[in-house]
Amino acid sequence: MEAVRAADQFLERRLWLDLDGAQVVGVEIEGEPPIAVSVMGSGGAEFGLHALVGENAVSELLRAGLGELSAHEIQSKNLSFGLVRRVEIEPPFDRPLVQAGRQGRMVPMFFAAELGEVPRLPRKPEFELLIRVTRALLIADAGGRLAPGDPRETGRLLVLRVGGDCRDLQVSSELRDVSTALEFLDEGDGWSLPGLVDLPIRDASYCAALVTVPVGLGGEGEAVRALLLLDTADDTVVALEVLRRDESNGELAERLALALHSGGESTPPGLPRKMVFLDAGLYRELVDELEEAGVDCAHEPASPEVDRIVDELTQALKARSDSLGATIAREPTGADDLDGWKDVERRVTERLLAAGARVATENAKAWRKYLGVDAERREALEDRYVDGLWTGYFDWYAHQHRGSKRARTLVERVLREDLPAAEREVLLARDGGVVSMFRVERVDVGESVVFRDVLQGRRHEIRDTSLSLTAKKDMVFPARVYAVANFEFAIPIGPVLLGAEPAKALDFLERECGLRLDGAVDPGGIHLLGRMWDWSARCATSDVRLQNHSGDELRWHCGEFSVANSERLREALASRDDVEELEGGVQWQWHRAGLHLGSLELFGNEFLFVEVNSPERFGEVRNWIESIEGVEFERLSESELP
């Protein structure tokens with residue numbers, strides 16, 4: 001499932017290392033309401049993508065970050081995913097993982113929720129929206145354009161404008177000043193912060209401190225600075241907010257003021273009778289206003305209560321990090337530990353990206369050598385091929401590119417570091433791998449793919465679930481294949497070729513690019529494989545017609561019907577020979593002669609959603625559904641299939 005793949009790419013990139021929740025991004029998609037996005041995880045508590053969809057989405061997300069709105073006051077739809085343990089997901093939220101064949105203990109969980117409603121699994125249009133939003137962030141990040149800053153600080157909002165379908169996005173960006181951004185959102189919200197004088201005074205004693213606690217996914221040992229507001233009477237944490245490294249005393253004072261206005265989970269809003277500050281700068285910022293409100297303020301250099309709370313937080317976060325790390329960053333237990341070696345392979349990729357991704361992205365000379373096109377054409381190709389082109393380019397950049405004759409490659413530089421033994425083994429194997437053209441001979445869905453080296457005739461079995469879900473028999477593409485322990489790994493590095501294209505592509509590489517293909521790809525000419533991206537794009541034709549088994553043009557249709565009597569609907573569906581119940585009276589399959597025609601799903605006994613893949617099929621299914629007593633057509637959504 002594309003949503004799972006997009007979430008995996010997002011989690012592999014670990015955007016929370018560069019962004020925090022205050023750095024809101026606006027997203028505009030034609031035909032959709034405004035979308036607000038923030039990245040969860042900088043505080044080490046929840047990792048994932050938080051999106052709101054609605055006319056005032058960005059405004060509400062900003063106000064929620066300021067403490068002006070609570071979760072139950074947000075009017076926009078919540079459409080998000082987070083990284084959780086596999087065992088924590090219950091049906092039906094595990095359905096996307098089952099459909100995608102996703103294994104492993106740490107997986108993305110998707111959900112949607114309207115105001116006052118229980119979270120539910122997103123519907124297909126919502127999944128498509130979430131895919132676009134996720135990939136738009138990744139595309140903007142890969143292009144060095146994802147640097148939103150905090151709109152409250154910069155006065156500007158980063159807005160991504162997204163076009164195209166899920167697999168071929170076009171993303172542009174712009175920074176809008178505060179006045180323009182407020183027009184785009186909800187100009188009446190304002191940016192001013194409330195004062196403290198009018199807050200009620202509670203019989204309590206608070207301690208405000210700036211603390212440092214270790215957090216991180218996979219035991220990486222990151223640490224964050226946080227504002228801790230503690231009720232010392234019963235050691236209740238009123239607020240714990242992750243801070244940016246560069247926040248001024250004035251910004252810290254605003255944070256604390258908002259925490260007093262919001263209160264905590266078990267603490268109502270208000271001021272304490274006494275407030276002790278461990279930070280002198282924060283004390284100076286707020287002492288006058290708090291004393292005017294009737295609070296007894298003091299500055300003290302240390303607090304045993306705060307030290308103990310920080311120790312407890314540290315131990316809790318360390319235990320969580322160790323638990324995640326055991327899953328995400330463990331060493332292989334032996335030559336047959338496939339999951340362990342895959343995890344090492346992933347960490348090697350992350351290490352290479354961390355060492356050179358930004359430089360590689362900005363190296364215009366290297367891009368020209370790889371693609372053989374100008375900057376404008378390169379941008380068009382990046383928009384067309386998105387992740388695939390970047391993967392191929394970076395593989396060549398890391399393994400073969402040298403800034404000068406005596407310069408080391410990126411891989412050679414990384415190998416000089418003090419690497420764990422397993423990572424060094426994988427990196428050496430990858431660097432010495434075979435780069436060639438490979439044809440898919442066999443696909444065992446959910447398990448493995450068998451490749452045949454077109455140039456040398458050798459067979460390779462790649463045990464990879466994701467690859468087995470996307471590869472099709474007889475497709476051909478360039479790849480780097482290498483062996484580690486008892487397994488082989490493959491990195492596709494070029495466009496997919498079908499039909500007569502492979503022979504034409506080899507002829508193009510030899511005749512027009514001068515690449516020697518006498519039994520293997522010449523290592524000194526691996527960059528010439530990059531010319532295939534432009535060649536493939538120019539060979540593409542719009543005359544290809546996609547159709548289903550009935551000969552109808554493929555076009556996704558989702559119809560919504562209101563249901564007055566759900567029991568009558570179930571009886572009518574049960575009486576049909578071409579409808580099969582799939583799940584507990586809420587899901588059905590429409591079929592004919594063993595051929596799947598469409599899916600039906602009942603929500604809340606009030607709405608029936610019908611999904612088919614052509615206008616002809618929707619016309620047919622609508623006719624007999626509307627003949628059921630109490631069922632009426634409401635609306636139709638249609639689009640090209642992603």
For A335 and W341, which heavy atoms make the closest approach, and how far apart are they?
-> CA-NE1, 3.9 Å
Determine, using ring centers only, whether Y482 and F487 are less than 6.0 Å apart.
-> no
Check the pair R516 / V521 against side-chain contact (heavy atoms from CB on, under 4.5 Å), numbers first and verdict last.
-> CA-CA 6 Å; R516 295 199 307 272; V521 175; over 6 Å; no
Residue that, paired with Y393, satisfies ring-ring contact (aromatic ring centres under 6.0 Å, His included) out of Y385, W367, W533 = W367
Non-hydrogen side-chain atoms of F489 and K342 separated by less than 4.5 Å | yes
In plain terms, say whether R378 and E382 are close enough for a salt bridge, that is, a side-chain N and a carboxylate O under 4.0 Å apart.
-> yes
Measure from the side-chain N and O atoms of E412 to the backbone N and O of T409, and report whether any donor-acceptor pair falls under 3.5 Å.
-> yes
Could you walk me through whether V612 and W556 pass the side-chain contact (heavy atoms from CB on, under 4.5 Å) test, one step at a time?
-> CA-CA 6 Å; V612 295; W556 176 77; over 6 Å; no
Residue pairs, two or more places apart or on separate chains, that pass salt bridge (charged side-chain N to carboxylate O under 4.0 Å, His left out) and touch residues 486-497 = none
Do we see a donor-acceptor contact under 3.5 Å between the side chains of Q400 and H527?
-> no
Salt bridge (charged side-chain N to carboxylate O under 4.0 Å, His left out) against E611, all qualifying residues, sequence neighbours excluded = none
Non-hydrogen side-chain atoms of L157 and V159 separated by less than 4.5 Å | yes
Exam field: side chain H557 to backbone R555, donor-acceptor pair closer than 3.5 Å | yes
Give a yes or no on whether a salt bridge exists between D474 and K472, defined as a side-chain N under 4.0 angstrom from a carboxylate O.
-> no
Any donor-acceptor N/O pair, R161 side chain to S173 backbone, under 3.5 Å = no
Sequence-distant partners of D374, side chain to side chain donor-acceptor pair (under 3.5 Å), two or more places apart | none
Side-chain heavy atoms of M475 within contact of L497, under 4.5 Å | no
Looking at side-chain heavy atoms only, is the closest gap between F394 and L410 below 4.5 Å?
-> yes
Please report the shortest heavy-atom distance between F127 and P96, naming the atom on each side.
-> CZ-CG, 3.6 Å
Would you indicate whether the side-chain heavy atoms of V440 and F451 approach each other to under 4.5 Å?
-> yes
With sequence neighbours left out, what residues match D336 under side chain to side chain donor-acceptor pair (under 3.5 Å)?
-> N486
Validation row: V344, P332 side chains within 4.5 angstrom (heavy atoms) | yes
Check side chain to side chain donor-acceptor pair (under 3.5 Å) between R617 and all other residues, then give those that pass, not counting sequence neighbours.
-> S550, N613
Pairs meeting criterion salt bridge (charged side-chain N to carboxylate O under 4.0 Å, His left out) with involvement of residues 422-436, two or more places apart = E345-R430, R347-E423, R351-E423
Start with the C-alpha distance between F508 and E510, add both sets of side-chain angles, then the distance that settles side-chain contact (heavy atoms from CB on, under 4.5 Å), and finish with yes or no.
-> CA-CA 6 Å; F508 163 76; E510 286 188 311; over 6 Å; no
To the nearest 0.5 Å, how far apart are CD1 in I139 and CD in Q9?
-> 9.5 Å
Scanning both residues in full, the closest heavy-atom pair of L467 with P492 reads CD1-CG, 4.4 Å
Nearest-0.5 Å distance, CG of residue L582 to CG of residue L600 | 9.5 Å
Hey, could you give me the OG/CZ distance between S637 and R123, rounded to the nearest 0.5 Å?
-> 10.5 Å
Going from OG on S614 to CG on L597, what distance comes out if it is rounded to the nearest 0.5 angstrom?
-> 9.0 Å
Which pairs, with at least one residue in residues 456-466 and sequence neighbours excluded, count as a salt bridge (charged side-chain N to carboxylate O under 4.0 Å, His left out)?
-> E441-R459
With sequence neighbours excluded, tell me which residues meet salt bridge (charged side-chain N to carboxylate O under 4.0 Å, His left out) with R439.
-> none
Quick one: which of V27, V37, L146 gives a side chain to side chain contact (heavy atoms under 4.5 Å, CB included) with L158?
-> L146
Presence of salt bridge, R346 and D343, under 4.0 angstrom | yes
Atom pair CG (L371) and CZ (R368), whose distance is rounded to the nearest 0.5 Å | 11.0 Å
May I ask you to test the L52-I35 pair for a side-chain heavy-atom distance under 4.5 Å?
-> no
Applying salt bridge (charged side-chain N to carboxylate O under 4.0 Å, His left out) to K77 and not counting sequence neighbours gives E126
Taking the six-membered ring for Trp, is the centroid-to-centroid distance between Y370 and W396 below 6.0 Å?
-> yes
Measure the CG-CD1 distance between L389 and I493 for me, rounded to the nearest 0.5 Å.
-> 11.5 Å
Minimum-distance pair of heavy atoms, taken over all atoms of L49 and S80 = O-CB, 3.1 Å
Verify the neighbour count for atom CD of E417: are there more than 12 heavy atoms of other residues, nucleotides or ligands below 6.0 Å?
-> yes
Given side chains that start at C-beta, do those of C558 and F618 come closer than 4.5 Å, heavy atoms only?
-> no
Determine whether more than 12 heavy atoms belonging to other residues, nucleotides or ligands lie under 6.0 Å from atom CZ of R402.
-> yes
What about the rings of F81 and F111, do their centers lie closer together than 6.0 Å?
-> no
Which is it for V435 and L529 under the side-chain contact (heavy atoms from CB on, under 4.5 Å) test, yes or no, and what are the steps along the way?
-> CA-CA 10 Å; V435 176; L529 292 174; 3.7 Å; yes
What pairs with E560 under salt bridge (charged side-chain N to carboxylate O under 4.0 Å, His left out), at least two apart in sequence or on another chain?
-> R635
Any sub-3.5 Å donor-acceptor pair from T361's side-chain atoms to A357's backbone N or O?
-> yes
Between P108 and I89, which heavy-atom pair has the shortest distance, and what is it?
-> O-CD1, 4.1 Å
Output, in order, the C-alpha distance, side-chain angles, deciding distance and verdict of salt bridge (Lys or Arg N to Asp or Glu O under 4.0 Å) for E501 and K504.
-> CA-CA 5 Å; E501 287 182 334; K504 294 178 181 179; over 6 Å; no
Least distance between heavy atoms, P478 atom then M437 atom | CG-SD, 3.7 Å
Mind checking side chain to side chain donor-acceptor pair (under 3.5 Å) for S436 and listing every partner two or more places apart, or none if nothing turns up?
-> D453
Does V359 have any side-chain contact (heavy atoms from CB on, under 4.5 Å) partners at least two apart in sequence or in another chain, and if so, which?
-> Y397
